[in-house]
There are 2 protein chains.
Amino acid sequence: MIARDAYVDDVIEILRRRGLRMTPQRRAIVAEIMRTQGHISPTALTRKVQEAMPGVNASTVYRTLALLEEAGILAHAHLESGAEYHRVEEAGHVHLSCSRCGAEDDLSLEEAAALSQLIEQHRGFLPDLTHFAISGLCADCRRHVEA
Amino acid sequence: MIARDAYVDDVIEILRRRGLRMTPQRRAIVAEIMRTQGHISPTALTRKVQEAMPGVNASTVYRTLALLEEAGILAHAHLESGAEYHRVEEAGHVHLSCSRCGAEDDLSLEEAAALSQLIEQHRGFLPDLTHFAISGLCADCRRHVEA
DNA sequence: GTATATGCAAAGGTTTTGCACAGCC
DNA sequence: GGCTGTGCAAAACCTTTGCATATAC
């Protein structure tokens, strides 16, 4: 908790240095997304923020997310369900998503690095494997489908 | 051209066998998507179909796309710009998309197979690398960014 | 003739935008 | 006080759906 609050303050400091103002709404949004493990959709984030601070408008959330992404604090990824935001340090999460049962898993950093290396051999393309999920069948569903 | 028309007829035959009716609209939509190299968005497809047959409704296009996907003739992929449809035989196309300049490239079948193999080692997950694009930086943009 | 497909219009959901007002610095 | 951020409302997209009509078989 203490660590997390400190973290929120860091972000606020970064924004301040950019000449941005710290409104209660922004504080609430930043706090909520820093508290989030993994990824969250703009819609879900809006709902959560509104629990803590009713009246916060969805457009404010969208504007703040864009801001935090520009500042290099957040990034977004595309999953089957749409766009999701996560803290940049939580990247490395290469998302595996089962198209049959919806199960989600992540590749380890080592696995991700091995993949990246392979892709880099294709004309020097430097992949960001965190930006899009990887769809497919988990081991369980694979068995069901083959049966 | 001859090969393509024959191809359209094959699809029509498949649909017919499923008890589906071949309306002029469906013919036009099938013809257009079979003529398409790579992928096309529902919106773009609608526009093209309407050039050949004005009055075709977007909802008809969406319904037909869903139908063709159920029949195993088409599949869709998620690119930065949204959903795009392509013929199943054109899968294998693992999409590389440069987030800086928008350049698009594809991995070869061999490269895709190597990637899949690597991912399969993660708990037996069988990836469909064609379903989501792979975002990143092309070699050119990489140089620009590093400079 | 009958079941299915289409067009139309409306609804649904997400995201963006213009604008007046509020409030941070 | 001035400029930035917010809420509100509307618009912009994209996609889906209900329903009456048209039409393939």
Side-chain angles (χ1 to χ4, degrees), chain A residues 9 11-33 39-71 73-85, chain B residues 8-9 11-33 39-50 52-71 73-85:
Chain A
D9 287 345
V11 172
I12 287 174
E13 192 47 41
I14 293 170
L15 297 180
R16 220 185 271 284
R17 241 174 260 154
R18 289 198 156 218
L20 299 171
R21 299 178 179 175
M22 284 314 305
T23 64
Q25 291 91 334
R26 272 188 192 164
R27 273 174 212 283
I29 295 168
V30 168
E32 192 54 55
I33 204 156
H39 41 83
I40 188 167
S41 70
T43 308
L45 178 61
T46 301
R47 234 173 302 146
K48 283 198 158 199
V49 169
Q50 286 173 340
E51 281 171 27
M53 182 180 288
V56 176
N57 198 269
S59 64
T60 301
V61 174
Y62 280 103
R63 288 189 271 230
T64 303
L65 284 172
L67 214 69
L68 293 170
E69 191 161 23
E70 277 172 47
I73 296 162
L74 299 182
H76 73 273
H78 297 282
L79 311 189
E80 196 65 51
S81 53
E84 301 259 327
Y85 284 78
Chain B
V8 170
D9 287 344
V11 171
I12 288 174
E13 193 46 40
I14 293 170
L15 297 179
R16 222 186 268 285
R17 242 175 259 153
R18 290 198 155 218
L20 299 171
R21 298 179 180 173
M22 285 314 305
T23 63
Q25 290 90 335
R26 272 188 193 162
R27 274 175 211 283
I29 295 167
V30 168
E32 192 55 55
I33 204 157
H39 42 83
I40 187 167
S41 70
T43 308
L45 178 61
T46 302
R47 232 172 304 143
K48 281 198 158 199
V49 169
Q50 286 173 340
M53 183 179 289
V56 176
N57 198 270
S59 63
T60 300
V61 174
Y62 279 103
R63 288 188 273 231
T64 303
L65 284 172
L67 215 70
L68 293 170
E69 190 161 24
E70 277 171 47
I73 295 162
L74 297 183
H76 73 273
H78 297 283
L79 311 189
E80 196 66 51
S81 54
E84 300 260 327
Y85 284 78

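The shown structure was predicted, so the numbers you read here are calculated from the model rather than taken from an experiment.
Here the options are A:Thr64, A:Thr46, A:Thr23, the test is side-chain contact (heavy atoms from CB on, under 4.5 Å), and the partner is A:Ile29; only A:Thr64 passes.
Regarding A:Leu67, its CG atom lies at a distance of 9 Å from the P atom of D:dT6, rounded to whole Å. Across the protein-nucleic acid pair, A:Gln25 atom CD and D:dC8 atom P stand 11 Å apart, rounded to whole Å. A straight line from CE of A:Met53 to P of D:dT6 spans 10 Å, rounded to a whole angstrom. At whole-Å resolution of the value, CD1 in A:Ile12 and P in D:dG5 are 14 Å apart. Atom P of nucleotide D:dT23 and atom CZ of B:Arg21 are separated by 13 Å, given to the nearest angstrom. In this structure, the OH atom of A:Tyr62 is 16 Å from the C1' atom of D:dC8, given to the nearest Å. Per the geometry, CG belonging to B:Asn57 stands 14 Å off C1' belonging to D:dG18, to the nearest Å.
One finds a side-chain N or O of A:Thr60 lying less than 4.0 angstrom from the OP1 or OP2 phosphate oxygen of D:dG7.
Closest to the B:Ser59 side chain, of the nucleotides D:dC25, D:dT15, D:dT17, is D:dT17.
A pairwise comparison of heavy atoms in B:Val56 and B:Gln50 identifies O-NE2, 2.7 Å as the closest pair.
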Step by step, work out the side chain to side chain contact (heavy atoms under 4.5 Å, CB included) result for A:Tyr62 and A:Thr43.
CA-CA 9 Å; A:Tyr62 280 103; A:Thr43 308; 4.3 Å; yes
What do the steps show when you test A:Ile14 against A:Leu20 for side chain to side chain contact (heavy atoms under 4.5 Å, CB included), and what is the final call?
CA-CA 9 Å; A:Ile14 293 170; A:Leu20 299 171; over 6 Å; no
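Remark: the A:Arg63 side chain and the A:Ser59 side chain contain an N/O donor-acceptor pair separated by less than 3.5 Å.
Among the atoms of the strands shown, only primed sugar atoms or phosphate atoms (P, OP1, OP2) are found under 4.0 Å from some heavy atom of B:Gly55. Backbone-only contact: B:Arg16 has heavy atoms under 4.0 Å from sugar-phosphate atoms and none from a base. Counting non-hydrogen atoms under 4.0 angstrom, B:Arg63 reaches a base of the nucleic acid.
We find the CG-OH distance between B:Leu65 and B:Tyr85 to be 5.5 Å, quoted to the nearest 0.5 Å.
Between B:Ile73 and B:Val30, every side-chain heavy-atom pair lies at or beyond the 4.5 Å cut-off.
Toward the 5' end of DNA chain D, the nearer of the two residues B:Leu20 and B:Pro42, judged by each one's closest nucleotide, is B:Pro42.
The span of DNA chain C lying next to chain B, judged by atoms under 4.0 Å from heavy atoms, is bounded 5' to 3' by C:dA3 to C:dC8.
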